[in-house]
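There's a structure below that I have some questions on.
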Amino acid sequence: MILSKIPLSFFQTKNVQEIAQNLLGKIIYTNINGQITSAMITETEAYQGPEDRASHAYNNKRTVRTEAMYKLGGCCYIYLCYGIHYLFNIVTNVHNIPHTVLIRSGKIHTGIEHVQERRGIHIQASKLLQGPGNFAKGLGINMNLNGVDVNTNHIWIINNEMQNPTIIKTQRVGIDYAGEDALLPWRYILKD
DNA sequence: GTGCCGATGATCT
DNA sequence: GATCATCGGCACG
C-alpha cells in the first residue's frame, strides 16, 4: 500500500455518492498552529447540490455562505451550524457544480492529546470525533479553512485503500425539511 | 441503553 | 423573527 496524498482530481469527478464512499477509510490530517492531528474517516454524507432539497445549494442558491460550494472540487466548505458547531464538507465536481461531502465521524489516528484538549471533555477515545460538530472541533477545523484546498500544509488527506470495506448506507441525518430527498440513502458508514 | 430539551448565533426573509 | 446538515446532560429504569 502506498501512503500518498490524494490529489485534488480525486474530488473533481461527477459522482458525489461515489466520492463520499471512497473517502471512507482515508486519513485526514490537520496542522493547526503546529499541532498535527489526524483521523480515519468513518462516516460521510453526499449532498447533490441543485437537485437535492437537503443541500444548501438547492436550486443553485448562491449566497455569501454557500460561495465555496461553487468552487472547483477539492476545497473545504465550512459553516456554523446551530450557532455552535462548525461542520466540515469537501466540495466535489467541477467549477460551478456545488456538490459536497459532509464528513460526519472519524477514528482518532494521531495527536490524541491535542484532540482531547480541543474537545475539553472527558470521554472515551472512540467517541472523540463522533458526530460532525465533534469531528471538526477535535481536528481544530473552523472558518479559517473555508475555501482552502485539502492538499495544503494545513489540511490534507492520505490514501488508505481498504481491502474489503463494508459500507452501511442509510438516510441522512437532520434534514427532515428536505421532503422526499430526506429518504435518499446517501449517508455512508464504515462498519467497525 | 432511549428520549427529551435548551444552548446559541449566522443567515436569510 | 424563524430557521437550522448538532451536542451533552439529565431523566428514566
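Quantities reported herein were computed from a predicted structural model and do not represent experimental measurements. Proteins come first, then strands; the chains are lettered A, B, ... in the order of their sequence lines, and each starts at number 1.
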task = Determine yes or no for a side-chain-to-main-chain donor-acceptor pair under 3.5 angstrom, with A:T44 supplying the side chain and A:A20 the backbone.
result =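 Side chain of A:T44 to backbone of A:A20, a donor-acceptor pair under 3.5 Å: yes, one is there.
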
query = On DNA chain C, which is the earliest and which the latest nucleotide, 5' to 3', with an atom closer than 4.0 Å to a heavy atom of chain A?
reply =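 Both ends considered, the range comes out as C:dC4 to C:dG8.
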
Partner residues of A:V94 under the side-chain contact (heavy atoms from CB on, under 4.5 Å) criterion, sequence neighbours left out =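 So A:V94 forms a side-chain contact (heavy atoms from CB on, under 4.5 Å) with A:I97.
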
Verdict with reasoning, A:K26 to A:N159, per side chain to side chain donor-acceptor pair (under 3.5 Å) = CA-CA 5 Å; A:K26 297 202 180 337; A:N159 229 329; 3.1 Å; yes

task = Report the relative orientation of the aromatic rings in A:Y29 and A:H109; use parallel for angles under 30°, tilted for 30 to 60°, perpendicular for over 60°.
result =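 Aromatic pair A:Y29/A:H109 classed perpendicular.
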
query = How would DNA chain C look in dot-bracket form, 5' to 3', counting Watson-Crick and G-U wobble pairs with both distances under 3.5 Å and writing | for bases paired to another strand?
reply = ||||.|||||||.

Return a table of donor-acceptor pairs under 3.5 angstrom between the side chains of residues 136-150 of chain A and protein atoms on other chains or two or more places apart.
from: A:N142; atom 1: OD1; to: A:N144; atom 2: N; distance (Å): 2.9
from: A:N142; atom 1: OD1; to: A:N144; atom 2: ND2; distance (Å): 3.3
from: A:N146; atom 1: OD1; to: A:I78; atom 2: N; distance (Å): 2.9

inquiry  = Does atom CD (A:E113) have a neighbourhood of more than 12 heavy atoms from anything else shown, all under 6.0 Å?
reply    =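 Correct, the count exceeds 12.
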
ask   = Nearest nucleotide by nearest heavy atom, which residue falls closer to the 5' end of DNA chain C, A:I123 or A:V173?
value =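 On the 5' side of the pair lies A:V173.
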
request  = Select base, sugar-phosphate, or nothing to describe what A:R104 touches, counting heavy atoms under 4.0 Å on all strands.
outcome  =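 The residue A:R104 makes sugar-phosphate contact but no base contact.
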
Non-neighbouring partners of A:D52 that pass side chain to side chain donor-acceptor pair (under 3.5 Å), sequence neighbours left out =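 With sequence neighbours excluded, A:D52 shows a side chain to side chain donor-acceptor pair (under 3.5 Å) to A:R172, given in chain and number order.
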
ask   = Within the structure shown, what part of the strands sits under 4.0 Å from A:R53 by heavy-atom distance: base, sugar-phosphate, or nothing?
value =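 The residue A:R53 makes no contact with any strand.
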
inquiry  = Test of understanding: with side-chain contact (heavy atoms from CB on, under 4.5 Å), list the residues that count as partners of A:E51, not counting sequence neighbours.
reply    =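 Partners of A:E51 under the side-chain contact (heavy atoms from CB on, under 4.5 Å) test: A:Q48, A:H99.
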
Under 3.5 Å, which protein N or O atoms sit close to an N or O of nucleotides 11-13 of chain B? Give each pair with its distance.
from: B:dC12; atom 1: OP1; to: A:T63; atom 2: OG1; distance (Å): 2.2

inquiry  = Please give the remaining members of the hydrophobic cluster of A:M69, linking ILVMFWY side chains under 4.5 Å, ordered by chain and number.
reply    =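 A:M69 clusters with A:Y47, A:Y70, A:Y77, A:Y79, A:L87, A:V91, A:L102, A:I175, A:Y177.
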
ask   = By side-chain contact (heavy atoms from CB on, under 4.5 Å), which residues pair with A:I112, not counting sequence neighbours?
value =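 If we apply the side-chain contact (heavy atoms from CB on, under 4.5 Å) test to A:I112, skipping adjacent residues, the hits are A:I108, A:Q116, A:A125, A:L128.
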
Residues that, via side-chain heavy atoms closer than 4.5 angstrom, fall in one hydrophobic cluster with A:I189 =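 A:I168, which link up through side-chain heavy atoms under 4.5 Å apart, make up the rest of the cluster.
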
DNA chain B-proximal residues of residues 77-97 of chain A, any heavy atom under 4.0 Å =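 Heavy-atom cutoff 4.0 Å gives A:L80, A:Y82, A:G83, A:I84.
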
request  = Determine the sole option in A:T110, A:T30, A:N31 for which the side chain to side chain donor-acceptor pair (under 3.5 Å) test with A:T37 is passed.
outcome  =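 Testing A:T37 for a side chain to side chain donor-acceptor pair (under 3.5 Å) against A:T110, A:T30, A:N31 leaves exactly one candidate, A:T30.
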
query = Tell me, which pairs form a ring-ring contact (aromatic ring centres under 6.0 Å, His included) where one or both residues lie in residues 122-152 of chain A, sequence neighbours left out?
reply =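 Listed by first then second residue: nothing to list.
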
